[in-house]
Structure formats: C-alpha cells, structure tokens
Amino acid sequence: MLPQTQRRTGTRSDLHLAALLAETPEFAGLAQDEIEKLVSISSVADLTSGATLYSEGDPSDHIYVLMHGRLRVARGDDLIGYINRLETVGEMGVLTGEKRTSTVRAIRDSVVLTIDADEYRHFMDMHPAGYRSLMKVAIDRLRQDGVASRLGTTTNGTFAVIPSGPDVPVRVLAETMVSRLSGWPAARLITAEHVDAALGEGTARAPLWDNAANARIEDWLAELERRHRYLVFAADSGRDPWAARCLHNADRVLVLAEAMSQPTPVPVLQELRNKGLIAPVELVLLRPVGDGSPHTMAWRAMTGARAHYFVHPWERAELDSLARQVTSRGVTLVLGGGGARGFAHIGLVRAMEEAGIPIDVTGGTSMGAFMASLIACGFNSMDMTEIARETFVRANYLNDYAIPRTSLLKGTRFSNRLHDIFGEQQIEDLRRTFYCVGTNITTGQAIIGDRGPLYRWVAVSMAVPGVAPPVAFEGDLLCDGGVVDNLPINQMRKLERGAIIACNVSTDGALRAPGAGIGEPDLAAMLNWKGATKPPSLGEILVRTAMLSSSVAVEQSARNVDVYVKMPVQGFGMFDWKGLDALVDLGYEHAREQLDLIKDQLL
C-alpha cells in the first residue's frame with residue numbers, strides 16, 4: 001500500500017531521480033535507459049516525521065527507494081535497523097510474495113520512490129541484470145543477520161540541538177559537535193540564518209504548512225546531505241517554527257539543559273511528540289565535575305529522553321565521548337560473569353588503556369557488573385586491581401557463612417563492602433553510562449539496573465542463587481543476572497552507542513570428574529573423590545548450575561559484537577581469588593592480541 005502522506009512539489013525531475021537511482025547498489029547493473037524506464041513507472045511520496053511507510057502484516061505490494069531522509073525498521077517493540085539514503089526497503093517481501101514482516105516509519109521528513117510490485121517484477125523479468133544486483137544486496141543483508149551493521153548513524157546522520165531555555169548555550173554545543181565530528185566538510189552546522197541566507201529572508205521560520213518553503217528547504221537539505229556526512233541543526237529556542245523544522249529533519253534530538261536547573265517543558269518537542277515524532281531524544285546536561293545533578297530523572301521524564309549525557313562546559317574528553325556516542329561511533333564494553341575468573345576483565349581494561357582505546361559505556365553481569373561499575377566510576381586498571389585485591393583476597397568479604405536456609409552466605413559483609421566502595425552514588429548520576437543485569441526469579445525475566453543506588457544493583461547482579469540470598473524488590477525476588485544473561489550484549493546494542501567489545505570469562509564444561517562413572521553413573525563419586533585435582537566445591541556447583549541456561553544464549557548473541565574476547569581461563573576455579581595477578585596478566589596478554597587486530601577501526 002502507498003503511504004498516506006502529504007504530497008509536495010519540489011524539483012524532482014525524472015532526470016534527477018534517474019541520477020539518484022543510478023547510485024543505488026540494487027540498480028547498479030542497469031543501463032541508463034533502463035533506469036529511466038524504471039523512473040517512468042514509479043511515483044514519489046513524502047513522509048513526514050513519524051509517518052508509517054508500511055506495517056507488519058501488510059501485503060508486499062510496493063518496493064521503495066529512500067531518496068532523502070531516514071527510516072526506522074522495527075518488529076514489534078524490537079528495533080531491527082535503519083534505512084539510509086539510496087537504500088531500498090520492502091524488496092524481500094516483493095521477491096517472496098509474503099506479507100510484511102516489519103513496520104517501517106520515517107524518523108525524519110523523508111522522500112521515497114515507490115514502485116508497484118507487479119510492474120517491478122515485470123520490469124525485472126525484462127532486465128535480469130537488475131535482479132542479480134538486487135539479490136546480491138538481499139543476500140548480503142541476510143548474512144548480516146538482519147541489519148545489524150545498519151544500526152546507528154555511523155556513516156551519516158542529522159542532529160537537532162534544542163535549548164531547554166533561553167540562556168542555554170545551544171549554539172556553542174552545536175558548533176562543538178561539528179568540530180568533534182571532524183569539522184568541515186565532514187560535518188556542517190545549519191542555523192536559521194544559514195537557511196535564510198541561502199533561500200531568502202524568513203524561509204527558516206516559515207509555517208510548516210507552507211509547501212513552497214518546505215520544498216525549497218527539502219531540496220537544499222538533500223543536496224547538503226549528499227555533500228556532508230553529518231548535519232547539525234541548531235535551534236534558537238524550543239518554541240518557534242525553526243525549532244520544529246530542526247526536529248522534523250533530525251535522526252537524533254539533543255536537548256541541552258543545565259543539570260542544576262529545574263526541569264521546564266520544551267513546547268515544540270511536546271507538540272511534535274503528540275504528532276508522532278519517533279526520532280530518539282537524548283538529554284545533554286551541563287554539569288561541572290564535582291557538581292550534583294538533582295533533577296536528572298525529572299529532566300528525562302519532562303523531555304521523554306531515552307538517555308542522558310553529562311558534559312563539563314567544555315571539557316574536551318567528554319565532548320569527544322558525546323560526539324562518538326550520538327553518532328554510534330563510541331566504544332562500549334560488556335563484561336560477563338565468572339567469579340574470580342572475572343579478574344581477567346582488568347587485563348582487558350589495561351590493554352585498552354595502553355592502546356588508547358576509550359571506554360564510553362559499560363555494562364555487565366555478576367563479577368562483570370562489579371568490574372563495569374568500577375570503570376563507570378572512573379577507576380583505571382591499577383585502581384581496579386587494588387580494589388579487587390582488598391575485596392576478594394586480603395579481607396575476603398565473602399565469608400559470612402549462614403546456617404543454610406536460603407543461601408550459604410548472609411551477604412551482609414559483601415554488600416557493606418560494596419557500599420564502602422561506591423557510597424550513595426546513583427547509577428543515573430555516573431558520568432559514564434552504566435547498566436547491570438539481574439534475574440527476577442519470580443517472573444523468570446532479566447531486570448536491568450540502570451538507575452537507583454549503584455551498590456545495591458551491583459549486589460543484585462552478584463547474588464548467586466544458593467550462595468547469596470535473593471534480593472527483594474517491588475514484591476519480587478531478584479538474583480544474579482547470569483541465570484538468564486551472563487553476557488548482556490543485547491541491552492548494549494539497544495543503546496546504539498557504537499562498537500561493542502564483549503568479554504566472556506565463563507568456561508565450557510569446567511566441572512568434571514575425570515575417570516569416574518565410566519559405563520554407569522557413580523552415585524558416590526563426589527563423596528569418594530579420586531581425581532587428580534580438588535573436587536568442585538558446593539559454591540562452584542551452585543554457580544555452574546545456575547548459569548547453565550544462559551551459556552548457549554551467550555554464544556549466540558556474541559555473533560553480533562564487534563570484538564568478542566573469550567578469555568582462556570580454564571585453569572582457574574570460580575573462587576580462585578588468589579589467582580588475581582595471574583588472571584589480570586593473562587587477560588592483558590590475550591586482550592592485547594585481540595585488540596591489535598581491530599585497534600585502528602575502534603580509534
């Protein structure tokens with residue numbers, strides 16, 4: 001079905017459309033006259049921001065080529081990917097004759113070339129070279145396991161920077177963003193003054209229903225997008241037509257506010273949300289180091305922001321990190337659980353520090369959550385080693401044994417130790433984004449700790465069933481996240497911040513009884529242990545049993561990360577705390593080899 005959109009008239013001649021089509025990989029095998037024929041059987045439709053191109057379950061009656069803008073592909077509530085300029089969408093359904101398996105909506109104002117499915121198939125039957133090109137692109141996408149490589153704005157993107165109030169230095173942030181995105185010609189700043197200078201006085205603030213102004217602006221922006229990888233729109237306020245135009249043309253909306261100020265509505269943002277705006281909104285809070293941020297979650301609720309960043313005005317490293325993350329070029333780190341084997345994570349961090357690879361976002365499960373939280377708090381690899389040594393080796397806060405009713409340990413000493421390390425810090429106030437994963441054993445679902453007291457949520461993520469007592473929350477019981485997700489990659493992918501480095505410190509088949517039970521089960525093997533090594537402890541058996549269900553899922557989700565580091569930690573036990581230094585060194589050597597292969601790409 002054709003999208004229900006407002007029709008507008010621009011400068012879209014057939015020759016212009018043919019020139020654009022010739023640039024698309026799907027039609028690369030066609031001659032010029034064949035492309036012109038394809039244009040003659042097509043039509044042009046405009047999609048305003050938030051409009052639906054087609055929905056899951058619709059008939060596959062058209063193929064579409066995105067001429068300008070960006071589209072979002074989703075299946076249910078799950079983001080599948082994005083369609084960028086000069087990419088086709090809907091071709092798989094047309095080729096197979098099946099109904100649509102996803103919903104496609106416009107993130108920003110977009111223009112699509114639409115071709116009827118029957119006419120398209122007839123055309124391709126007459127010009128088989130086009131089929132070959134289309135099938136090659138379709139196969140490449142299937143090999144990418146959906147559209148994983150099309151997530152984010154790594155190749156290009158448009159951003160709207162909107163002030164929360166009259167005194168916020170939005171122009172400074174927009175100019176800084178352009179600078180951090182490599183400057184001209186890679187990135188270009190666009191203000192109302194730029195539009196008026198190019199297209200005539202008053203054009204930028206023309207009403208949104210002015211079709212003539214819309215067409216001139218659309219064509220001008222399409223040409224700018226062809227020449228620049230990134231466009232950064234700067235609004236003067238959050239309440240005029242120019243601000244609305246900025247939002248209509250943005251892949252990502254950045255709302256700038258002072259962290260200490262009381263939240264106030266951004267009128268144009270609220271108005272467009274009511275009309276279906278789907279571009280992700282993210283909050284940039286100006287916050288000098290050492291200052292508090294008492295209204296973070298209130299600002300997020302007020303703006304509907306899905307994420308927030310803290311920036312010291314104007315600290316270079318934080319601005320660089322912001323620019324990386326909003327263009328999905330950041331470096332994110334996911335750390336898995338594995339008890340003492342998690343010390344190898346410190347070696348990975350040390351190798352990244354040595355290579356100059358920044359860490360923008362961290363997440364983890366169990367021991368991985370502990371290590372990731374230390375990184376999020378700003379500790380380096382040396383600090384992490386000493387904190388781990390004091391916590392697990394010198395003092396051993398995991399020795400408050402209990403009469404086994406719900407667990408072997410009370411867990412009080414360890415939770416107090418976590419409080420000593422992290423204090424009353426709230427996750428949402430950390431300058432580096434962090435999350436950890438727990439398991440809701442009442443519902444059987446994962447639970448994400450991305451706000452609230454840091455030490456409490458790390459304790460939840462580390463509460464191994466049987467070893468530590470379950471944690472009560474909202475009437476449910478929570479425990480170690482490794483029960484359902486020992487390497488929480490999917491949550492990191494949803495953030496769309498950039499490359500994912502995932503470090504797995506679990507082992508396959510770590511608990512064994514060599515030589516026992518040959519031919520038939522030996523019921524007394526553990527009681528009469530004859531192996532060359534020490535028998536598995538009760539704690540190790542409980543941990544291994546609890547994590548079995550997520551082992552297969554870890555290997556499956558690891559297929560879609562940019563760097564998968566599987567540490568060779570088979571020689572160490574789950575509670576081999578005294579192996580700290582050896583595990584750090586092992587992790588460092590192994591990670592250095594892995595990172596050398598991809599360091600240049602990450603940087």
Side-chain angles (χ1 to χ4, degrees), residues 335-349 364-372 374 384-402 404 407-409 411 413-414 417 458 461-468 479-483 486-487 503-517 522 525-551 554-555 565-591:
L335 305 180
R341 300 180 185 115
F343 293 150
H345 292 317
I346 302 175
L348 168 60
V349 175
T365 295
S366 199
M367 181 61 86
F370 178 72
M371 294 300 175
L374 294 177
M384 294 169 68
T385 302
E386 290 311 305
I387 291 171
R389 192 184 311 281
E390 181 64 28
T391 304
F392 298 101
V393 183
R394 290 197 189 110
N396 186 12
Y397 289 88
L398 295 173
N399 64 0
D400 54 347
Y401 295 102
S407 62
L408 294 176
L409 303 177
R413 289 197 72 219
F414 187 68
R417 170 60 176 166
V458 173
S461 189
M462 301 181 75
V464 177
V467 177
C479 72
D480 193 301
V483 173
N486 202 38
L487 192 62
C503 186
N504 186 359
V505 293
S506 63
T507 59
D508 301 321
L511 300 186
R512 300 186 60 81
D522 185 347
M526 291 298 295
L527 301 176
N528 303 306
W529 184 261
K530 297 178 181 179
T533 59
K534 292 191 302 182
S537 68
L538 174 58
E540 288 175 315
I541 293 171
L542 289 171
V543 172
R544 177 64 178 165
T545 304
M547 309 308 172
L548 279 176
S549 62
S550 67
S551 297
V554 164
E555 296 301 326
V565 182
K566 188 170 176 60
M567 291 292 183
V569 291
Q570 293 84 352
F572 295 86
M574 189 75 69
F575 299 105
D576 194 356
W577 307 120
K578 293 184 179 180
L580 170 63
D581 293 315
L583 279 159
V584 172
D585 290 342
L586 179 151
Y588 167 73
E589 294 295 341
H590 186 70

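For the numbers below, each heavy atom of this structure counts, side chains included, while hydrogens, waters and symmetry mates do not.
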Which heavy-atom pair separates [X] from [Y] by the least distance, and what is that distance?
{"X": "Asn486", "Y": "Gly337", "value": "ND2-O, 3.1 Å"}
{"X": "Ala372", "Y": "Leu335", "value": "N-CD1, 3.8 Å"}
{"X": "Ser506", "Y": "Asn504", "value": "OG-OD1, 2.7 Å"}
{"X": "Ala388", "Y": "Ile346", "value": "CB-CD1, 4.3 Å"}
{"X": "Pro568", "Y": "Leu586", "value": "O-CD1, 3.4 Å"}
{"X": "Ala463", "Y": "Cys479", "value": "O-CB, 3.4 Å"}

Would you say [X] and [Y] make side-chain contact, with heavy atoms under 4.5 Å?
{"X": "Glu390", "Y": "Arg417", "result": "yes"}
{"X": "Leu583", "Y": "Met567", "result": "no"}
{"X": "Phe343", "Y": "Phe392", "result": "yes"}

Just by distance, do the side chain of His345 and the backbone of Gly336 share a donor-acceptor pair under 3.5 Å? yes
Among all residues two or more places apart in sequence or in another chain, which pass the side chain to side chain contact (heavy atoms under 4.5 Å, CB included) test with Ser461? Thr365, Ala369, Cys436
Who passes side chain to side chain contact (heavy atoms under 4.5 Å, CB included) against Leu374, sequence neighbours left out? Phe370, Met371, Phe379, Met384, Ile387, Ile421, Phe422
CD-CG distance between Glu386 and Leu580, expressed to the nearest 0.5 angstrom: 8.0 Å
side-chain hydrogen bond (donor to acceptor under 3.5 Å, both in side chains) contacts touching residues 574-585 (sequence neighbours left out): Arg350-Asp585, Arg389-Asp581
